[in-house]
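No experiment lies behind these values; they were computed from the predicted model shown. To find a chain, count down the sequence lines: A is the first, B the second, and so on, and within it residues start at 1. Worth knowing before you read on, the calculation uses all heavy atoms, side chains too, and leaves out hydrogens, waters and symmetry mates.
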Amino acid sequence: MNGKVVKEIAKICGDGNVYTGARALSRYFRDRLSSTDLVLVMPQTPEQISDTVRFCYENEIPVFSVKGRYMEDGTLPSKEGILIDLRNMSEIKKIDRENLSAYIYAGVTFADLKEKLAKEEMKILYPVSGTTDSVLRSYIDREMLLGSTCNRHLQYSIFHAVLATGEMWVSGSQQITEEGHADFREDQGPQMSPFFGASQDIFGIPFYGVVYTYPIREERKVVAYSFDNLKDAANLVYKVSRSEWCFEAFLANDRFLSVTFSGGARENVAQTKKKLKQWVAVFSFEHHRELVELWDRYTKDAARELGGKEVKGQTLEMIDKALMSPWYFFDRDFYRGRCSRVCGFQYFKNISDVFSTIEEQAASNGFKSQEIGKIIVPAYFGGSAYCEADIYYNPENNREADSAIKTVRNSYESLIEDGFFVDRPQGDVAELVFSKTNPAYVRLIKIFKSIVDPKGLMNPDQLIKGV
Amino acid sequence: MKKKITARREVLAELREDFSLCGKCKLCQAVMAQQCEDPRFWRNCPSGTRFRYEAYYASGKMEIARCLELAEIEHDEKMKHVLYTCMLCGSCEDRCYPVKQLHPLWVIELLREQAFEDGWAPIERFSNIYENLEKTGNPYGVAPEKREEWSKGMGVKNAIEEECEYLLFVGDDYPCFPSLIPKIQSIARVLKLAGVDFGILGKHEVSSGSALFLIGDRDRFEEFAAKNIENIEKAGIKKIITPDPHSYAVLKEEYTKASDIEVYHLSEILADLISKETIKPGGKVNMKATYHDPCRLGRRHGKFEEPRIILRSIPGFELLEFPRSRKNSLCCGGGGSVFFIEPEFAKWVTKERIFEAEYIGAEAIITTCPICERMFMEAIEETQKNIAVYDLAEVLEKSLQGVI
Amino acid sequence: MKSRIRKEVRERRVVHRPYIMEKDPAHNRSENLKRALSELKEALGEEWVSDAPSILCGYARDQSFVPATYPHIVCLPGSTEDVQAIYRIANEYLIDVMPYGTGLSTIGLTIPPFGGILCDLRRMDRIIEIDGENMFAIIEPGVNFLMLQAAAQRVGCRVLNPSTSATAGVISNHLFCNINTMASKYGFGMDSIIDVEAVLPTGEILTTGPASYGAVKGHVPGPGPDLSCFFRYGFGTLGIVTKMTVRLYPEPPYHQQIFPAYEEDKLEVMAEALHMVAQDNLTLELAHLMNSFYGIFIGDNNKEASKVAELMPRHNLLTIFGGATQEEADLKAEITKKMLEEKFPMFDFLPKEALLDLTEDNEFVNFDKWVKYFNVTVRVQRVRGSFMIGALIDKLGNMVGVERMMRDACTNQIGTTNDPLAPDDASTYLQPYHMGRAAYMEYDLYTNQADKDDLIRILIGYGRATATAMSQGMAIAAGPAAIEKGIPMLDLATPVIRPNMVQFLDAYVKMKMILDPNNISNRRWEYDTGQMKKIVL
Ligand SMILES: Cc1cc2nc3c(=O)[nH]c(=O)nc-3n(C[C@H](O)[C@H](O)[C@H](O)COP(=O)(O)OP(=O)(O)OC[C@H]3O[C@@H](n4cnc5c(N)ncnc54)[C@H](O)[C@@H]3O)c2cc1C
Ligand code: SF4
Ligand code: SF4
């Protein structure tokens with residue numbers, strides 16, 4: 001890009017915060033980057049983002065934002081423009097123990113916040129398959145959380161985003177009251193702030209927000225039950241979620257757990273898997289001691305009835321520990337080099353159909369079904385189930401990589417036919433989903449986009465091609 | 001000018017506090033919330049349910065009263081329809097009064113009277129009943145002599161000629177419809193079995209005036225009331241039993257303003273006799289049936305328990321309750337004299353009530369009002385439903401006689 | 001006897017119907033209305049369209065103090081296609097359209113400012129699907145809480161239940177309000193909307209969420225941007241919602257309650273307790289009720305309400321616990337009680353028997369039905385016919401002193417002494433949201449609509465109380481921005497007093513102009529001048 005532009009931006013953000021060239025950008029891409037003309041900007045203050053974006057708007061320069069640890073090459077084809085990474089905005093502005101909230105900038109990571117909250121006897125909910133370590137990003141992008149079972153709200157109330165023009169979008173009650181007052185999620189009119197959720201930042205870039213925190217309770221206990229078949233295991237998970245006994249709940253197969261719990265060491269995977277039965281249902285109970293005991297007892301009874309075996313010892317410890325931090329999707333790459341996934345929502349009663357569909361597709365592309373990682377997390381007391389299937393493959397092997405891509409695409413195609421709800425579609429899947437939605441749906445997105453970004457410079461093509 | 005009773009009347013304007021305080025909370029459109037178990041049966045205002053505009057609910061009619069008073073609107077055709085498709089079932093009043101202390105039903109009644117006063121009541125649509133009343137003294141055009149035919153050979157006293165403790169005020173419907181005659185005969189037999197000393201006015205009984213009262217024609221109503229009172233006084237009887245809730249309501253509410261009489265509904269007398277064990281229903285009546293609360297008896301006069309005391313005392317009888325029962329009872333479609341001018345709508349309501357009875361698996365509907373019975377029988381005949389309709393007295397009689 | 005209806009007016013034959021306030025209107029012209037009427041009749045069926053004054057008048061007022069205005073035409077659409085037809089015809093003849101849910105908003109929202117077509121949606125009253133296992137119900141706008149709650153109970157679930165009239169439309173309530181006693185655990189209206197089908201003012205159908213492509217109800221927003229709550233606080237300016245999937249919540253088979261109470265008039269203490277219980281998150285239902293609210297909630301009628309209010313302590317916590325077994329429900333109650341006893345030794349815990357006695361004669365709200373009452377029933381019952389609701393949101397900690405200030409401000413205006421208002425004049429209740437992270441404060445003043453002096457007194461008192469609260473930073477709970485647009489002074493003042501609102505308001509205005517090019521759907525301000533022709537709020 002034109003050096004003058006870079007200079008101007010450097011003037012706004014400071015020299016040390018603006019980078020050019022493929023090397024600077026390579027950390028965002030797992031594949032080798034084709035040539036790029038993006039300028040990486042890492043603003044440190046809201047004013048810097050706002051001024052940078054305004055400058056770009058005035059000069060018709062496209063603005064992209066970093067949305068996860070990695071971007072797929074191809075989604076940002078050597079475009080001209082700037083890429084904004086908010087990692088330097090990492091201030092935790094306020095922790096409000098009394099009102100169970102943290103006021104944070106987008107650069108604040110799960111690790112940072114976890115540490116700070118622990119001092120105040122609080123914690124947060126973690127993603128199951130996170131793609132970013134920014135807490136705010138993860139929450140506004142509505143990543144599925146461990147703990148979405150019995151903690152039903154979106155995990156933030158207010159956010160501030162910068163629009164394409166450099167102006168600020170403030171959501172919820174802060175549209176009319178000062179911070180520290182209501183800090184309530186609701187907009188002061190038609191609810192347009194939810195448009196920003198899982199939108200690939202096409203409307204604006206959220207950089208600050210208020211996220212929900214949870215008190216650390218008197219007692220916490222994690223239990224696990226193993227099963228030979230999915231049906232009984234799923235019934236247990238449904239029952240415990242529906243009865244609101246657990247804080248977190250999930251059900252995963254041996255492959256998923258062995259990859260997740262091997263601490264990134266490939267050699268441990270097989271060993272870990274050996275210790276596991278095919279399906280493991282995990283629950284955490286949190287609260288007053290007597291209640292935890294009661295819920296534990298009820299769950300044990302229910303598990304026994306369904307033929308579950310209690311998981312103990314090292315494996316349980318491993319699970320317990322794992323629940324104390326976020327689970328990142330990119331952390332599963334170590335196993336075979338790369339992991340692709342199919343994820344979305346189905347009713348509990350249809351879970352096995354979802355996985356058979358994926359297994360069928362996988363088999364026809366040469367993947368063994370026991371090689372697929374599977375996890376199910378109940379949403380809203382078992383109202384539906386988040387189902388994720390992970391395909392591990394070697395990206396260097398072109399045939400295998402193609403097969404993985406094909407498996408994922410074909411699985412989505414046939415699952416969507418059967419009503420699989422894909423809540424955060426991206427890339428090709430987004431194209432597929434939005435071609436199926438009612439036309440007014442996309443039209444409304446386009447209208448809002450044209451209002452907040454009349455020149456179409458904010459994350460163009462990131463959600464839907466041409467928008 | 002004919003003789004009339006002279007009781008104080010209220011006029012609409014006196015209820016200004018009611019119609020202008022209606023909070024539009026719309027509680028009057030449904031059954032009592034705490035008692036709604038089945039979403040299929042949440043509605044309780046027949047006219048609102050059928051015609052749906054706000055005006056057809058009580059809250060809308062409160063508004064009509066207010067706007068008429070403010071002279072924002074004048075009467076129009078639709079207003080007549082609104083006003084004369086109301087069943088006067090009183091469900092609205094029962095929802096509203098306890099919480100808001102307002103009287104929507106009363107407002108509606110006075111609106112009808114106002115329509116008469118102001119000369120826009122759709123009197124032409126009632127011309128038939130006016131003619132009948134003029135000619136025969138009852139709205140169905142049955143000759144006075146025929147009114148007493150049902151009692152022939154039953155040994156029922158003539159109250160004017162013979163001395164008796166109670167007058168059985170038969171009302172307009174029982175003696176005028178062949179289908180109801182077995183029912184009034186059963187009533188008379190039960191009273192005799194129970195040892196009640198009663199007589200009837202026979203051909204001297206004219207219409208109670210209930211139909212006129214309901215359509216808002218107070219003047220004519222008062223003429224009929226005066227005539228009946230004259231005969232009652234002639235018979236020298238102070239205690240009146242009537243099996244007809246419509247007669248019961250006007251006798252009790254209006255006649256007593258002009259005459260010193262005691263008025264009982266048949267079910268009160270029978271329940272009392274059963275409680276005192278004067279009569280003991282002994283015969284088994286194997287029947288799974290539901291009891292329909294007539295609006296004028298139940299909601300209007302709070303007689304919910306008496307009929308049930310009677311039914312519960314009958315061995316073998318299984319009493320089912322409608323999802324909408326007692327205060328939540330749905331009108332049978334025969335209320336408010338609506339069936340005279342909107343028979344199709346009235347029947348639509350009846351069918352809904354029959355559906356409800358079928359829904360709970362009742363073999364029969366028991367009630368204690370001739371209009372309800374007639375509405376049910378006609379609709380059942382038309383729809384060929386397999387459900388029976390009995391008067392309360394008929395079921396009791398079966399048991400008293402040991403008939404299975 | 002002659003008519004006593006406004007005899008003198010009638011004699012002068014003055015019939016004044018308060019509508020059409022516009023001089024030389026572009027919209028709602030009489031020749032167009034005539035044509036529209038006949039086309040509407042053709043489209044919807046003669047029976048479901050009316051311009052008879054006796055029908056129109058039922059929609060000209062609500063319980064608010066907004067001056068009466070008549071619609072020109074009332075329509076009762078029976079299907080989404082009917083709603084589309086209404087918009088088509090309205091666009092063709094430039095006639096305003098006002099969606100009407102139940103007309104229960106206490107601020108005159110459904111009174112059509114300039115007349116036009118009022119679209120009473122109550123004929124669309126189907127529960128299209130209810131699924132207890134997956135916990136959702138797909139409903140039409142005519143479905144009310146009474147109906148849906150009964151249906152939900154049958155499948156082992158419950159709906160978030162506001163304490164408004166049982167006949168309030170579920171959709172319209174979710175589009176405006178839905179403040180409920182389960183909000184601490186489960187949330188409020190926005191949290192329960194899974195998806196909608198709406199007709200946009202151009203007649204185009206929009207489906208959102210899972211309904212956008214016929215997917216299963218995933219209980220999370222999407223796909224991508226969450227459009228499902230777009231119509232919430234849109235007041236019908238952006239289209240008409242014709243279907244909604246609302247979330248249902250598990251109904252535990254067993255319940256238990258405790259009755260913490262505090263006699264002293266110290267709201268701050270009760271607010272602290274409320275906050276503690278909310279964070280503990282064991283209650284299904286949780287609210288603070290002043291004695292007068294208790295009366296209103298559990299008395300069968302006003303007399304009983306007053307009796308209850310007199311007998312109950314000043315401040316009370318309403319708590320209901322649920323469990324899969326009685327043991328579980330009892331344990332939750334016991335733990336909560338112990339916690340409260342430790343921290344608030346000055347509290348009384350009313351014995352169940354006391355409540356039993358109090359409600360013994362009640363026909364509908366006796367103690368056996370206590371739990372059912374709160375979870376199943378909604379109702380409106382106010383001591384003096386009409387009332388003003390103050391609906392504010394803030395953090396519980398911020399509210400406490402403010403409530404006292406509000407009462408003082410109000411008393412100065414409407415009371416006779418400096419004492420806080422008596423409970424039958426005004427009442428407060430607090431309702432935590434999301435484990436107490438924020439809370440709703442309702443501040444009600446009772447009045448008699450028929451008594452003009454009383455009305456003015458209450459209005460001014462209410463205004464002062466609300467202004468006091470807002471000056472202390474509290475937010476109005478009813479997202480009013482969409483209807484403030486066009487109010488001259490407010491329009492000018494917004495960028496200065498609420499700079500954060502500018503972008504939002506601007507987006508709303510543009511959205512409205514694009515989605516409703518002819519400005520027919522609840523027209524409140526003019527596109528060309530940006531002003532209201534008539535102040536409607
Ligand atoms: C005594 C009383 C107590 C109350 N207590 C509570 C309470 O505790 N909690 C609570 O949440 N609320 C409460 N309310 C408020 C009231 O219940 C809500 O305002 C109400 O549910 C919304 O009103 P409505 O359903 O009648 O809708 P309406 O008043 O008919 O409509 C509200 C708005 O939405 C628009 N609208 C309606 N339907 C549609 C549609 N389908 N598509 C698009 N727009 C539409 C209308 O045009 C209007 O602008 C109370 C009200 C009263 C009278
Ligand atoms: S008549 Fe009574 S119940 Fe009906 S809306 Fe008016 S105040 Fe409410
Ligand atoms: S009396 Fe019956 S029909 Fe008439 S308005 Fe009241 S509830 Fe409806």
Task: Test: A:Arg297 and C:Glu328 ion pair at under 4.0 Å - done: no

Open item on the list: Let's go through C:Val220 and A:Phe421 carefully: what are the C-alpha distance in whole Å and the side-chain angles of both, what is the deciding distance for side chain to side chain contact (heavy atoms under 4.5 Å, CB included) to 0.1 Å, and is it a yes or a no?
Closed with: CA-CA 9 Å; C:Val220 289; A:Phe421 182 57; 3.9 Å; yes

TODO: Measure distances from C:Leu515 to the heavy atoms of chain A and classify the residue's part below 4.5 Å as side chain, backbone, both or neither.
DONE: side chain

Task: Side-chain ion pair, C:Lys338 and A:Glu290, N-O less than 4.0 Å - done: yes

TODO: Name the region of C:Ile514, side chain, backbone, both or neither, that has any atom closer than 4.5 Å to a heavy atom of chain A.
DONE: side chain

TODO: Kindly indicate, with the supporting measurements, whether the criterion side chain to side chain contact (heavy atoms under 4.5 Å, CB included) is fulfilled by A:Val433 and C:Tyr213.
DONE: CA-CA 8 Å; A:Val433 169; C:Tyr213 73 96; 4.0 Å; yes

TODO: Would you please indicate if the ring centroids of A:Phe184 and C:Phe188 are separated by under 6.0 Å?
DONE: yes

Open item on the list: Out of the candidates A:Ile176, A:Thr177, A:Val170, only one should pair with C:Arg498 under the side-chain contact (heavy atoms from CB on, under 4.5 Å) rule; please name it.
Closed with: A:Ile176

Open item on the list: Do the side chains of A:Arg217 and C:Asp280 get close enough for a salt bridge, i.e. N-O under 4.0 angstrom?
Closed with: yes

Task: Heavy-atom check, side chain of A:Glu244 versus side chain of C:Pro250, under 4.5 Å - done: yes

Task: Electrostatic pair A:Arg443:C:Glu204 at N-O distance under 4.0 angstrom - done: yes

Task: side chain to side chain donor-acceptor pair (under 3.5 Å) partners of residues 431-442 of chain A, not counting sequence neighbours, each pair once - done: A:Glu417-A:Lys436

Task: A:Asp183/C:Lys395 salt bridge by N-O under 4.0 Å criterion - done: yes

Task: C:Met435, part contacting chain A, at a heavy-atom distance under 4.5 Å - done: both

- [ ] Counting only heavy atoms closer than 4.5 Å, note whether C:Ala477 contacts chain A via side chain, backbone, both or neither.
- [x] backbone

Task: Region of C:Leu238 that comes under 4.5 Å of a non-hydrogen atom in chain A - done: side chain

TODO: Check each atom of C:Pro210 against the heavy atoms of chain A and say whether the ones under 4.5 Å are side chain, backbone, both or neither.
DONE: both

- [ ] Answer with yes or no after comparing the ring centroid distance for A:Tyr380 and C:Phe136 against a 6.0 Å cut-off, counting only values under it.
- [x] no

Task: CA sep, side-chain torsions, deciding dist, call: C:Gln503, A:Gln175, side chain to side chain contact (heavy atoms under 4.5 Å, CB included) - done: CA-CA 9 Å; C:Gln503 289 310 319; A:Gln175 286 163 353; over 6 Å; no

Open item on the list: Tell me whether C:Asp226 is salt-bridged to A:Arg142, with the criterion being a basic N under 4.0 Å from an acidic carboxylate O.
Closed with: no

Open item on the list: Can you tell me which of A:Ser157, A:Gly180, A:Ser171 forms the most heavy-atom pairs within a distance under 4.5 Å of chain C?
Closed with: A:Gly180

- [ ] Give the C-alpha distance, both sets of side-chain angles, the deciding distance and a yes or no for ring pair (Phe, Tyr, Trp, His ring centres under 6.0 Å) between C:Phe230 and A:Phe448.
- [x] CA-CA 11 Å; C:Phe230 181 50; A:Phe448 189 63; 8.2 Å; no

TODO: Report yes or no: is the cationic atom of A:Arg242 (NZ for Lys, CZ for Arg) closer than 6.0 Å to the six-membered ring centre of C:Tyr249, at no more than 45° off its axis?
DONE: no

TODO: Would you check if the side chain of A:Tyr298 reaches a backbone N or O of C:Thr325 as a donor-acceptor pair within less than 3.5 Å?
DONE: no

Open item on the list: With a 6.0 Å cut-off on the ring centroids, do C:His434 and A:Tyr212 count as close?
Closed with: yes

Open item on the list: Do C:Met190 and A:Glu186 make a side-chain contact, defined as non-hydrogen atoms from C-beta onward lying under 4.5 Å apart?
Closed with: yes

Task: Pairing residues for A:Glu143 by the side chain to side chain donor-acceptor pair (under 3.5 Å) criterion, not counting sequence neighbours - done: A:Thr131, A:Ser138

TODO: With the side chain counted from C-beta on, respond yes when A:Pro190 and C:Tyr508 share a heavy-atom pair under 4.5 Å apart, and no when they do not.
DONE: yes

